[in-house]
Student: 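Handing you this structure, nothing more for now.
A, B, ... follow the sequence lines: proteins, then strands. Residue 1 opens every chain. Just so you know, these numbers come straight off a predicted model, no measurement behind them.
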Amino acid sequence: MSQFSKDLIAWYQLNKRSFPWREQINVYHTWICEVMSQQTTLAVVLPRFKEFINELPDLHSLANCSDEKLRKLWVGLGYYARARNLRNGAQYILQNFDNKFPSCKDEWLKVPGCGPYTASIISSICFNEPVACVDGNVVRVVSRILGMNKDVWEKIGQEKISCYVNECIPKNYPGCFNQAMMDLGATVCKKQNPICQECPIQKYCYSFKNNIVSLCPPNKPRKDFQTENIFALLLRRNKKLEYSIILRNQGFLAKTKGFPLLCSKEGYSKEKILAVANKLNLKTTCLEKTFKHSITHHKITGHTFVIDCNEDDYKVKSLLKHFALPEKNEWFALAHIKQNISSSLDLKVLKTLSSE
DNA sequence: GAAGCGTGGTC
DNA sequence: TGACCAAGCTT
């Protein structure tokens, strides 16, 4: 093992963060926590991980869990395909791996929702496979070690970084090494205000020695935000006591339950929606109160339409059909809506209603 | 290769 | 208040 790897691992043994999934090696726990942590801050993950494991403690319970249970366990976590992939993955593993877990990176790569990072970290931690993983932390740490102030986000730079960690990874302690790199990136080699004076691998760091830490890595080029208007339809019946939610089939938040949504991106506008509702003779108002919401690369202003349907189911179906929305809908009393939605966008819609 | 996909925390 | 970002994957 290189002195660099020895120094890093020695630091990790003394300074590693304690997490529920680090108490003992458990493949199921490692898989769940890694997927839950994709593009998500650990402060958010921690309580939700415990809840998930309590409710779905093993492969079988996950593979067989209901849509409802899965939805509740992922409320507010975002990137909802991850939850669906976890259940799909559990079913895939049970069907293809004879009641065991995949035991190498190439097998994990076939599990839904597991890409190069997740397959590598699970295989290195749980099966001692000497495969390096490259997440956002590792990109930052290595780009500083190598003094990369350009090309980091291009293919050439990513290959260089990947090549470096693959050469460093010790055959006997791949899991420790991978976690050490990530912990170092998260606690010492931070994006903002790195604590170089406490860094165990300072003497290997080109950017530290040459005083260019602040230039490495360069900022990732950001895509411009699109500005959109989104229109939530609150279909109301039964003396205005019950509201309708659907399983959204396309656009933002597809495959999650919530209010029917129409987006300016699809050509919808306040006027067009009002015109359709009027044509069906449905009493419709657009609330004054709007809300803001962000979804990756989109800045969204939300508008709430309240549509009184009385008991005219035919008109409801016509309306939904006109907008190419799923015609299968469920009605809930306002007080129960909250327990049947996942996205914080839907909660913001509800807030516009209650503030009227 | 690039676009699409969510959210809560942080400064 | 708002911009930026975090243990990426899929198409």
Student: Grab the CZ-C1' distance between Arg84(A) and dT10(C) for me, whole Å please.
Tutor: 11 Å

Student: Identify which nucleotide among dC9(C), dA6(C), dC5(B) has an atom closest to any side-chain atom of Gln38(A), counting heavy atoms from C-beta outward.
Tutor: dC9(C)

Student: How far, in whole Å, is dG8(B) from dC9(C) if one measures between their P atoms?
Tutor: 22 Å

Student: With side chains defined as the heavy atoms from C-beta onward, is the minimum distance between Cys65(A) and Leu70(A) less than 4.5 Å?
Tutor: yes

Student: Tell me whether the side-chain N/O atoms of Arg222(A) come closer than 4.0 Å to OP1 or OP2 in dC5(C).
Tutor: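 Yes, Arg222(A) has a side-chain N/O under 4.0 Å of OP1/OP2 on dC5(C).
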
Student: Any cation-pi pair here, Lys348(A) with Phe291(A), using under 6.0 Å and within 45°?
Tutor: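 Because its charged atom misses either the 6.0 Å distance or the 45° angle limit, Lys348(A) does not stack over Phe291(A).
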
Student: Without decimals, in angstroms, what is the distance between His297(A) NE2 and dG8(C) P?
Tutor: 15 Å

Student: On a whole-Å scale, what distance lies between the P atoms belonging to dC11(B) and dA7(C)?
Tutor: 14 Å

Student: Which residue lies toward the 5' end of DNA chain C, Leu109(A) or Lys220(A), if each is placed at its nearest nucleotide?
Tutor: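 It is Lys220(A) whose nearest nucleotide is closer to the 5' end.
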
Student: Is the phosphate of dT7(B) approached by Ser343(A) (side-chain N or O, under 4.0 Å from OP1 or OP2)?
Tutor: yes

Student: Given a cutoff of under 4.5 Å between side-chain heavy atoms of I, L, V, M, F, W and Y, with clusters grown through shared members, what are the other residues clustered with Leu325(A)?
Tutor: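 Same cluster as Leu325(A): Phe231(A), Leu233(A), Leu235(A), Ile246(A), Leu262(A), Tyr268(A), Ile273(A), Leu274(A), Val276(A), Leu280(A), Leu282(A), Phe305(A), Ile307(A), Val316(A), Leu319(A), Leu320(A), Phe323(A), Trp331(A).
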
Student: Identify, residue by residue, the members of residues 138-157 of chain A with a heavy atom below 4.0 Å from DNA chain B, and return them in order of residue number, or none.
Tutor: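 Correct list: Lys155(A).
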
Student: When you measure from the centre of the six-membered ring of Phe252(A), is the NZ or CZ of Lys265(A) under 6.0 Å away and within 45° of the axis?
Tutor: yes

Student: If you check the Lys223(A) side chain, which of dG6(B), dA3(B), dC5(C) turns out closest?
Tutor: dA3(B)

Student: When you measure from the side-chain N and O atoms of Gln39(A) to the phosphate of dA6(C), is any distance below 4.0 Å, counting only OP1 and OP2?
Tutor: no

Student: Quick one: is dG2(C) close enough that its OP1 or OP2 comes under 4.0 Å of any side-chain N or O from Lys299(A)?
Tutor: no

Student: Under 4.0 Å from OP1 or OP2 of dC5(C): is there any side-chain N or O of Lys191(A) that close?
Tutor: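 So the side chain of Lys191(A) is within the cut-off, an N or O lying under 4.0 Å from OP1 or OP2 of dC5(C).
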
Student: Give the nucleotide from the list dC9(C), dA7(C), dT7(B) with an atom nearest to the side chain of Tyr80(A).
Tutor: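 For the Tyr80(A) side chain, the nearest candidate turns out to be dT7(B).
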
Student: Look at the side-chain N and O atoms of Ser294(A) and state whether any lies under 4.0 Å from the OP1 or OP2 oxygen of dA3(C).
Tutor: no

Student: Would you indicate, yes or no, if dG6(B) has its OP1 or OP2 atom less than 4.0 angstrom from a side-chain nitrogen or oxygen of His293(A)?
Tutor: no

Student: Tell me whether the rings of Trp108(A) and Trp31(A) are parallel (<30°), tilted (30 to 60°) or perpendicular (>60°).
Tutor: tilted

Student: Of all the choices, dG4(B), dC9(C), dA7(C), which nucleotide is nearest to the side chain of Thr118(A) once you look at every atom?
Tutor: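 In terms of side-chain proximity for Thr118(A), the closest of dG4(B), dC9(C), dA7(C) is dC9(C).
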
Student: Compile the donor-acceptor pairs under 3.5 Å between side chains in residues 20-29 of chain A and protein atoms, sequence neighbours left out, one pair per line.
Tutor:
from: Arg22(A); atom 1: NE; to: Gln179(A); atom 2: OE1; distance (Å): 3.1
from: Arg22(A); atom 1: NH1; to: Arg17(A); atom 2: O; distance (Å): 2.9
from: Arg22(A); atom 1: NH1; to: Asp183(A); atom 2: OD2; distance (Å): 2.9
from: Arg22(A); atom 1: NH2; to: Asp183(A); atom 2: OD1; distance (Å): 2.9
from: Asn26(A); atom 1: OD1; to: Tyr28(A); atom 2: N; distance (Å): 3.0
from: Asn26(A); atom 1: OD1; to: His29(A); atom 2: N; distance (Å): 2.8
from: Tyr28(A); atom 1: OH; to: Leu56(A); atom 2: O; distance (Å): 2.7
from: Tyr28(A); atom 1: OH; to: Asp58(A); atom 2: O; distance (Å): 3.4

Student: Could you give the CG-to-P distance, from Leu42(A) to dG8(B), as a whole number of Å?
Tutor: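 Roughly 16 Å, once rounded to whole Å.
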
